[in-house]
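Any value given below was found using the heavy atoms of this structure, including those in side chains, with hydrogens, waters and symmetry copies removed. Numbering starts at 1 and runs along the sequence shown. Model, not experiment: these values are computed from the prediction. Ligands are counted one by one from 1 in listed order, and the atoms in each one are counted from 1 as well.
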Amino acid sequence: MTRRSLLMAGIFGRAPLACLDTKFSMLRNGNASRRYLHIHGDEDTARDVLRAHMKTHAGLAILIENSERMIPAGAGKLDPNRMWSREGAEKSLRALNPAMSEEERNAIHRRLDRDRARFLKALLPPKGGLLIAIHNNRGYSIQDELAISDEKALNAPAATHEFFLATHPPDFRLIASSPYNAVLQKNGPRDDDGSLSRLAARLGVRYVNLECGIGKAAVQREMLDWLVLNLP
Ligand SMILES: [Zn+2]
């Protein structure tokens with residue numbers, strides 16, 4: 001067995017983690033409660049930064065094995081960061097696959113409900129632990145989040161593509177004292193979009209999303225290092 005398959009067998013003792021037909025790999029370093037997720041396959045900078053980070057930092061990282069943003073879902077596709085609730089997945093399936101029948105969508109939901117439950121068992125940290133998602137953007141910025149945020153800290157107004165989104169007020173307050181941009185979304189809009197931030201807020205899980213422009217590896221590395229050093 002390779003080291004990686006030994007690690008995976010050690011964690012799950014059976015098939016590797018997957019959502020529908022897309023597999024995820026796991027990188028474990030020590031036993032820390034910290035969890036990391038890379039979910040959008042086309043966000044290469046975030047993947048490289050996270051893989052390098054796990055060589056020197058304790059925790060468990062889950063990374064999508066895909067090179068595209070969307071994952072296959074039956075004959076169609078789905079945004080993997082809209083699959084964290086049935087409601088969000090339904091909206092994403094409808095938006096991306098207007099010709100898909102209700103029967104097809106329901107078959108996908110049945111598989112997704114099982115995969116989501118198993119995935120969350122692996123992904124969610126033990127009580128009080130921190131979950132960090134790492135993303136890249138190509139246009140989206142903190143400006144898009146301000147209207148639906150509870151609080152904001154625009155500490156780097158010239159770098160709106162680089163920001164943290166936190167769900168836990170004490171984490172937000174620590175990040176707000178940094179040189180970086182941040183928003184707090186502890187409730188979020190009533191409308192559930194199926195994103196992990198919405199689920200984390202609902203479950204009371206400490207969640208921080210780190211967003212940086214695609215290609216900004218140095219700043220993303222710096223912000224991730226700052227985060228893990230300064231948050232409990
Ligand atoms: Zn993303």
Seminar exercise, completed: Taken in chain and number order and not counting sequence neighbours, the residues that satisfy side-chain contact (heavy atoms from CB on, under 4.5 Å) with Leu199 are Trp84, Leu120, Leu196, Arg202, Leu203
For this session: Evaluate the criterion ring pair (Phe, Tyr, Trp, His ring centres under 6.0 Å) for residue pair Tyr36 and His57; output intermediate values, then yes/no.
Result: CA-CA 11 Å; Tyr36 299 85; His57 295 82; 7.9 Å; no
Exercise. Parallel, tilted or perpendicular for Phe164 and Tyr180, by the 30°/60° rule?
Worked result: perpendicular
Problem set entry | Contact list for residues 153-180, test salt bridge (charged side-chain N to carboxylate O under 4.0 Å, His left out), sequence neighbours left out | Glu162-Lys216, Asp171-Arg206
Exercise. Hydrophobic cluster mates of Phe172, side-chain heavy atoms under 4.5 angstrom, ILVMFWY only, any path?
Worked result: Leu184
For this session: Taking only Lys NZ, Arg NE, NH1 and NH2, and the carboxylate oxygens of Asp or Glu, determine whether Asp44 and Arg47 approach each other closer than 4.0 Å.
Result: yes
Seminar exercise, completed: For the Zn ion (ligand 1) the protein N, O or S atom count under 2.8 Å stands at 4
